[in-house]
Amino acid sequence: MRQQLRQNIIGVCQRLFNQEVDVVLTRPDSQFGDFACNVALQLAKPLGKNPREVAQMIADELAQDELLQSVSVAGPGFINMFLTDEALLKLAGSHYEGGAGQTVVIETNNPNPFKAMHIGHAYNAITADTMANLLQYEGNDVHRVSYHGDVGAHVGKSMYSILEWLDGDTSKLETIAIDERNSFMSEHYARGAAAYDKDETTKQKINELAKQSFKLDDQTYKTVYEICIAWSFEEIDRIIDRLGNNRVEKRYLESQANALGVATVQDHVGTVFRESDGAVVFDGEQYGSFTNVFVASNGEGLYAARDLGLMQLKHQDFQADKSYIVTGGEQRDYFKGVIAAAEQCLPDLKGVTVNVSTGLVKLSTGKMSSRTGDVLDIHWLFEQMEEAVEARGSAADHILLGAIRYEFLKVKIGSDVVFDVGEAVSIKGNTGPYLQYAHARARSILRKSEIQSENIMNLEEDERSLVRKLGEYEQTVELAVSELLPHYVCTYLYELAQVFNRFYESNTVIGHEREAQRLQLVDMYSQTLRNGLDILNITAPEQM
RNA sequence: GCGCCCUUAGCUCAGCUGGAUAGAGCGUCUGACUUCGGAUCAGAAGGUCGGGGGUUCGAAUCCCUCAGGGCGUACCA
């Protein structure tokens, strides 16, 4: 429908001026029209004509178009178009059709075991999972995976503290209740991290324990390590579920990726990599990165080498056309280097891996997630949200979820998120619960009416503005999908709900002479709302 | 030092590949309720789009420069 109009305009320009133009239909202020385009401004220069004159010529031709009710020229040479009611209704009823049909892998969460999940992890997981939804909407075969650091320095730190606490008696672990495990782990990590900086002997000891995470050749170590890993993954699954995310179909571990990554690096020393002070490094400067160590001078693989291994594991499993890795912005330059190195070692993977970087999560109270403070523990967030939701008289889990998810998703990926608990659950303004309430309200009207809806044909003024907004949905989803940015959907849904609430404020549905027709509008509206919320994995409730 | 990112209303953010009077929410002030669910709606105040140049018919958007902030810069992940 939109494409048809676009083609018609291209056709007109072709006929009139014999010019190939790229027509972009924009949505102007509603006073101007349903669509606008600026082709006349583009054409004026090559044609050597006055833009308004060109616009008028095009407009005169377009006036014949059966999709259009009226066409006018305004400003410097904009062509403004109003659709016929029929065309507008058709547009409102159309759905975004994808069609990419590629195979895609995306990491939708990657918290490390032995550490507590914090708000940053939640943000990352929600963002990535919603991106995965968008990729599915596009028609791709999407595989959600995760990747976790089960080896290395942080494991050494945790193990140091835990082993010291156990003092040889591994059965002490059984005394830790399920809901205490998360804080148990984070406390020991914090203690180990503190000990690491204390003195040289402890540091050596922890480094040794970190090494053991690769080998697991000590029986006590192995037993404790495996229990803690299991706890961590149970906890991660619980939190992922609670956040409303989809589970992953495959979980990758750094320990699995390590050997393959190191071998790949060793195979390319002298060509892609070079040796320096006994370590193997990649010079990433020309790729916007920096010189980065892939294999340490002691021969052990580092994070970068493991990423190289991981890319190959994913490729073996899925042969994906695209592979998305969603991380914090601080890893942006790092990934430029790793991806450049990977493409040189593994030509099959050229153009496959994409790193999407998110911003930091800050709290409105001013504390930042990079701090080690436990106030940013994910459970703390849940508690805060629960309290706030209950204080407003609604304790439903899906409202809490809608509030959290929407608060994260409404900001553009890449900019920092300032998370304000009070605002997120306020149920007023641009929030998840506002949209959920809007949906419940619309459904309530549909339940309450006792007559059948009828096809609406011509539109009254207020009805028209609602239908116009509904007609923007398909374009919005297309934009969100093509740029992989969920916030477009959020912004649109909020505006849609506002438009409806305005309509509803001054137009009755039930009992009105146009009740049957308006019921159809309410139905279209509630479905659009639900479809949009589905993309965000936010429940559209029947009532609240 | 070098590199990347950011700077829009008091606060938190949008602003669609440069386009028409720069838009929302929160907060503040003023209104609308025997409510088809007021968890709503209407209105007001509030902006030299960090500063300065440039390109263009036209710049919050592109280029240069300066200031301020964040992140990254070799064996952490």
Side-chain angles (χ1 to χ4, degrees), chain A residues 22 24 26-29 31-32 36 38 41 44-45 50-51 74-78 80 110 112 115 149 151-154 157 210 254 276-282 284-285 288-298 300-304 306-307 327-334 336 357 359-360 364 368 370 392-394 399 407 410-412 414-420 422-423 426-431 433-434 436-438 440-445 447-449 472 475-476 479 483 487-488 490-492 494-495 498 501-502 504-512 515 518 522 543-544:
Chain A
D22 183 31
V24 179
T26 56
R27 320 283 313 211
D29 196 284
Q31 60 176 307
F32 296 125
N38 63 356
L41 293 159
K45 203 169 205 182
N50 179 317
F78 296 109
N80 291 326
N110 49 20
N112 285 338
K115 279 174 156 180
V151 286
H154 74 282
K157 289 171 186 170
E254 286 189 26
S276 173
D277 295 340
V280 185
V281 304
F282 177 74
E285 282 77 5
S289 188
F290 48 86
T291 299
N292 193 15
V293 178
F294 278 56
V295 175
S297 47
N298 63 8
E300 302 237 5
L302 297 175
Y303 187 51
R306 285 172 222 147
D307 262 323
T327 65
E330 72 278 2
Q331 293 187 46
R332 198 186 182 95
D333 291 351
Y334 162 83
K336 284 182 194 165
S357 51
L360 293 172
S364 55
M368 299 189 32
S370 57
R392 285 168 173 80
S394 167
I399 304 300
E407 192 68 8
K410 75 178 175 186
V411 297
K412 185 175 184 171
S415 44
D416 292 349
V417 177
V418 175
F419 196 89
D420 186 327
E423 190 188 321
S426 71
I427 313 189
K428 291 193 296 188
N430 190 1
T431 63
Y434 174 93
Q436 293 176 310
Y437 178 73
R441 242 176 136 188
R443 295 296 301 166
S444 166
I445 299 166
R447 272 197 306 274
K448 197 159 273 181
S449 172
E472 290 174 26
Q475 194 174 358
T476 301
L479 186 66
E483 296 189 23
H487 82 284
Y488 285 120
C490 296
T491 307
Y492 169 78
Y494 180 64
E495 286 169 3
Q498 275 188 314
N501 283 337
R502 267 168 217 159
Y504 189 48
E505 192 72 16
S506 46
N507 297 278
T508 55
V509 173
I510 291 176
H512 192 268
E515 177 173 350
R518 286 181 176 177
V522 176
Q543 45 196 306
M544 282 171 72

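So you know, we letter chains A, B, ... as the sequences are listed, proteins then strands, and number each from 1.
Look at U7(B): its Watson-Crick or wobble partner, with both distances under 3.5 angstrom, is A67(B). In a base pair of the Watson-Crick type (N1 to N3 plus N6-O4 or O6-N4) or a G-U wobble (N1-O2 and O6-N3), with each distance short of 3.5 Å, U73(B) is matched with G1(B). Pairing of U21(B), defined by two Watson-Crick or G-U wobble distances under 3.5 Å, is not identified with any nucleotide. When both distances must be under 3.5 Å, the Watson-Crick or G-U wobble mate of A59(B) does not exist. Nucleotide A42(B) forms a Watson-Crick or G-U wobble pair with U30(B), both donor-acceptor distances falling under 3.5 Å.
Distance from the side chain of Tyr334(A) is smallest for A77(B) among the nucleotides G38(B), C36(B), A77(B). Closest contact between the side chain of Gln543(A) and the listed nucleotides G27(B), C4(B), G37(B) involves G37(B). Out of C36(B), G37(B), C57(B), the shortest distance to the side chain of Leu41(A) is found at C57(B). With G37(B), A32(B), C5(B) as the candidates, the nucleotide lying closest to the side chain of Glu505(A) is A32(B). Proximity note for Arg332(A) (side chain, C-beta onward) versus U40(B), A14(B), C5(B): the nearest is C5(B). Among the nucleotides C26(B), G37(B), G15(B), the one closest to the side chain of Lys428(A) is C26(B). Among A39(B), C75(B), A20(B), the nucleotide with an atom closest to any side-chain atom of Phe32(A) is A20(B). Listed candidates were A20(B), A77(B), A14(B). Nearest to the side chain of Glu254(A) is A77(B). Among the nucleotides A14(B), G37(B), U40(B), the one closest to the side chain of Ser415(A) is A14(B). Nearest to the side-chain atoms of Phe290(A) among the listed nucleotides G37(B), U73(B), G15(B) stands U73(B).
When heavy atoms are screened at a 4.0 angstrom cut-off, Gly152(A) is found touching the sugar-phosphate backbone but no base atom. Across all strands, Ala74(A) comes closer than 4.0 Å to base atoms (heavy-atom distances). Heavy atoms of Ala36(A) sit under 4.0 angstrom from at least one base atom. No contact: Asn110(A) has no heavy atom under 4.0 Å from any strand. No engagement by Ala44(A) is indicated, since no non-hydrogen atom pair under 4.0 Å with the nucleic acid exists. As judged by a 4.0 angstrom heavy-atom cut-off over every strand, Asn80(A) is placed among the base-contacting residues. Using a 4.0 Å heavy-atom distance criterion, Asn298(A) is classed as making no nucleic acid contact. Within 4.0 Å of Pro28(A), counting heavy atoms only, lies at least one base atom of the nucleic acid. Within the 4.0 angstrom heavy-atom criterion, base atoms lie near Asp277(A).
Phe32(A) approaches Asn80(A) most closely through the heavy-atom pair O-CB, 3.1 Å. When all heavy atoms of Gly152(A) and Ala210(A) are compared, the closest pair comes out as O-CB, 3.6 Å. Met544(A) and Gln436(A) make their closest contact through SD-C, 3.5 Å (heavy atoms, listed as atom of the first residue, atom of the second, distance). Counting all heavy atoms, side chain and backbone alike, Pro51(A) lies closest to Pro76(A) at CB-O, 3.6 Å.
Per the geometry, CD belonging to Glu330(A) stands 6 Å off P belonging to G72(B), to the nearest Å. Separating the CG atom of Leu479(A) from the P atom of A14(B) is a distance of 14 Å, rounded to the nearest angstrom. The CD-C1' distance, from Gln498(A) to C26(B), rounds to 13 Å in whole Å. Atom pair Arg27(A):CZ and G23(B):P shows a separation of 18 Å (rounding to whole Å applied). Distance Tyr504(A) OH to A42(B) C1': 17 Å, rounded to the nearest Å. Rounding to whole angstrom units, NZ of residue Lys336(A) and P of G3(B) are separated by 12 Å. Across the protein-nucleic acid pair, Arg443(A) atom CZ and A39(B) atom P stand 20 Å apart, rounded to whole Å. Rounded to an integer number of Å, the gap from Gln331(A) CD to G3(B) C1' is 17 Å.
Of the P atoms belonging to G58(B) and G19(B), the separation is 14 Å, rounded to the nearest Å. Comparing the P positions of C6(B) and A32(B) gives a spacing of 46 Å, expressed to the nearest Å. Rounded to whole Å, the separation between the P atoms of G50(B) and U40(B) comes to 32 Å. Taking the C1' atoms as reference points, U56(B) lies 12 Å from C63(B), given to the whole Å. Taking the C1' atoms as reference points, G18(B) lies 41 Å from A77(B), given to the whole Å. Here the separation of C16(B) from C33(B), taken at their C1' atoms, is 38 Å to the nearest Å. Comparing G52(B) with U61(B), their P atoms sit 12 Å apart, to the nearest whole Å. Look at the P atom in both G46(B) and A9(B): the space between them is 14 Å, to the nearest Å.
A stacked arrangement is not assigned to Tyr494(A) and the six-membered base ring of G25(B), the conditions of a centre distance below 5.5 Å and an interplanar angle below 30° not being jointly met. Residue Phe78(A) and nucleotide A20(B) are classified as a stacked aromatic pair, their ring centres being separated by less than 5.5 Å at an interplanar angle below 30°.
Residue side chain Thr291(A) does not reach the base of A74(B) through any donor-acceptor N/O pair under 3.5 Å, judged by distance alone. Counting atom types as modelled, Gln31(A) pairs a side-chain N or O with a base atom of U21(B) as donor and acceptor under 3.5 Å. A donor N or O paired with an acceptor N or O is found under 3.5 Å between the base of C75(B) and the side-chain atoms of Ser297(A).
Position along RNA chain B of the nearest nucleotide to Asn38(A) versus Asn501(A) favours Asn38(A) as the more 5'-ward residue. The 5' end of RNA chain B is approached more closely, in terms of each residue's nearest nucleotide, by Thr26(A) than by the other of Thr26(A) and Val293(A).
In this model, the phosphate group of A39(B) is not approached by any side-chain N or O of Arg441(A) to a distance below 4.0 Å at OP1 or OP2.
Side-chain atoms of Thr26(A) come within 3.5 Å of backbone atoms of Ala36(A) as a donor-acceptor pair (strictly under, hydrogens ignored).
Defined by atom type and a distance below 3.5 Å, a donor-acceptor pair is missing between the side-chain atoms of Thr431(A) and Glu407(A).
To the nearest 0.5 Å, atom CG of residue Asn430(A) and atom NZ of residue Lys410(A) are 4.5 Å apart. Remark: Thr508(A) OG1 to Glu515(A) CD distance equals 8.5 Å, nearest 0.5 Å. Here Arg441(A) contributes atom CZ and Asn501(A) contributes atom CG; the two are 5.0 Å apart, rounded to the nearest 0.5 Å.
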*Going through the distances and angles, do Tyr334(A) and Thr327(A) end up as a side-chain contact (heavy atoms from CB on, under 4.5 Å)?*
CA-CA 11 Å; Tyr334(A) 162 83; Thr327(A) 65; over 6 Å; no
